[in-house]
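As the structure is a computational prediction, the values presented were derived from the model and not from experiment.
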Protein chains: 2
Amino acid sequence: MAGRASAQAALETRRSVVKAAADLASIEGLDSVTIGRLAEIVQMSKSGVIGQFRTKEALQLETVELVFADFRTRVWDTVKRFPQGLPRLLAACDAWTEYAADPGYPGGCLMTQVTYDYDGRDGAVHERLLEGRNQWRATLRADLATAVEAGDLPEDTDVESVVFGLESLASFITPARLLHGDMRAAERAHQGMRRIIGA
Amino acid sequence: MAGRASAQAALETRRSVVKAAADLASIEGLDSVTIGRLAEIVQMSKSGVIGQFRTKEALQLETVELVFADFRTRVWDTVKRFPQGLPRLLAACDAWTEYAADPGYPGGCLMTQVTYDYDGRDGAVHERLLEGRNQWRATLRADLATAVEAGDLPEDTDVESVVFGLESLASFITPARLLHGDMRAAERAHQGMRRIIGA
DNA sequence: AGATTAAGCGTACGATCGTACGTTATGCAA
DNA sequence: TTGCATAACGTACGATCGTACGCTTAATCT
């Protein structure tokens, strides 16, 4: 069935391609995702796939956007109603570890995968990734600062190091699960987070 | 200069290829390393490069072997003289974070890179990686168990979760440095490790 | 109804991928 | 000194890569 000019159907096509790209990327890395393999998965021609995005980098960027959207939905949306400070921080630890343990992608948490894939590269994906992660870091920092001000955390709390620790623990859930077969990775990460926060 | 049959010279060639592969892999991932690019770097023909290893997977495995050798030299060899238990564990934290911060590869710690690249894949590299990492984990577990027995750590220490925490923190040094530009990532990891251990 | 727009297809391109093969040149053993 | 093993070469192969182009077809708008 060639050539339905319905903008709505096209949008659905885009989404299915991006979803397939995310699935593949979670296993092999976003940079190893190939137009040809995507075309096979979504049962389209290569030109039909790339035609939606004009360039591969645009497809990668839209995939990253999906990752952020997922993270926002699964983590931020369940936490934003909590009062800023220690309560929201602890709620974030819950939602965050839960998300990393069951991210909805076959190869584990795509946020983690993309982070380690593009940390040492240049380009638009690297830049967008950094921007998105910084937004989350800012939230964590705000919660920590508020918690310290409120007296819920010790005065000498090293905010930057705590943020580092939380991100570390969340990021190791995927390899612990996939490589070492650790099915309790999420709860270990959660336990570590509490210890790092030191509440 | 084609065809020197000196086994010694050939060994040097192998090493230079593997070294180049490690350098490249630290940036783009081991799976993205290409015979052609390696040939360019070491100034050889593609067939000359692959001829040393017969297959690309063999080259990848030998590269992983180099990574383990480096880790052994830089971390294990500097801590193995310490008495098993808390002293060796703390020494390991020092050497480990130091290594991750300055691994000698342009794209950061290759051990980390390979871990996140192959955690969700099948194959010989995945298997070898798991084996190598498990060896290190066994050492950490032994130190923790001894430390608990000796009364240096609390009785209720969750050994497995502490191991998880230490590996997490070490693994996030590279992305913190490369992505977020955090030049103090190693000391943050070190600080976190002490907290996780809870000594 | 006719014109316009755009989704998706098919084909083709130049590059590069990993690997196989035969050749050449060298060092070492007989 | 002759013969053998092998390091490295050059070439070639089939696949696959990302992308460009033109065509067909269907939905939308005048």
Do you see a donor-acceptor pair shorter than 3.5 Å between the side chains of [X] and [Y]?
X	Y	result
A:Tyr99	A:Asp70	no
B:Asp31	B:Tyr118	yes
A:Thr146	A:Gln84	yes

Looking only at side-chain N and O atoms, does A:Gln52 come under 4.0 Å of OP1 or OP2 in C:dG8?
-> yes
B:Met44 has an atom CE; how far is it from atom P of D:dG10, in whole Å?
-> 11 Å
What's the CZ-P distance between B:Phe53 and D:dT6, to the nearest Å?
-> 17 Å
Ion pair check, A:Glu62 and A:Arg14, cut-off under 4.0 Å = yes
Could you list the protein-to-nucleotides 16-20 of chain D atom pairs, N/O on both sides, closer than 3.5 Å?
from: D:dC17; atom 1: OP1; to: A:Thr34; atom 2: OG1; distance (Å): 3.2
from: D:dC17; atom 1: O5'; to: A:Thr34; atom 2: OG1; distance (Å): 3.2
from: D:dC17; atom 1: O3'; to: A:Thr34; atom 2: OG1; distance (Å): 3.4
from: D:dG18; atom 1: OP1; to: A:Lys56; atom 2: NZ; distance (Å): 2.8
from: D:dG18; atom 1: OP2; to: A:Ile35; atom 2: N; distance (Å): 2.9
from: D:dG18; atom 1: N7; to: A:Lys46; atom 2: NZ; distance (Å): 3.1
from: D:dG18; atom 1: O6; to: A:Lys46; atom 2: NZ; distance (Å): 3.3
from: D:dT19; atom 1: OP1; to: A:Thr55; atom 2: OG1; distance (Å): 3.3
from: D:dT19; atom 1: OP2; to: A:Lys56; atom 2: N; distance (Å): 2.9

Plane angle bin for B:Phe172 and B:His180 - parallel if under 30°, tilted between 30 and 60°, otherwise perpendicular | tilted
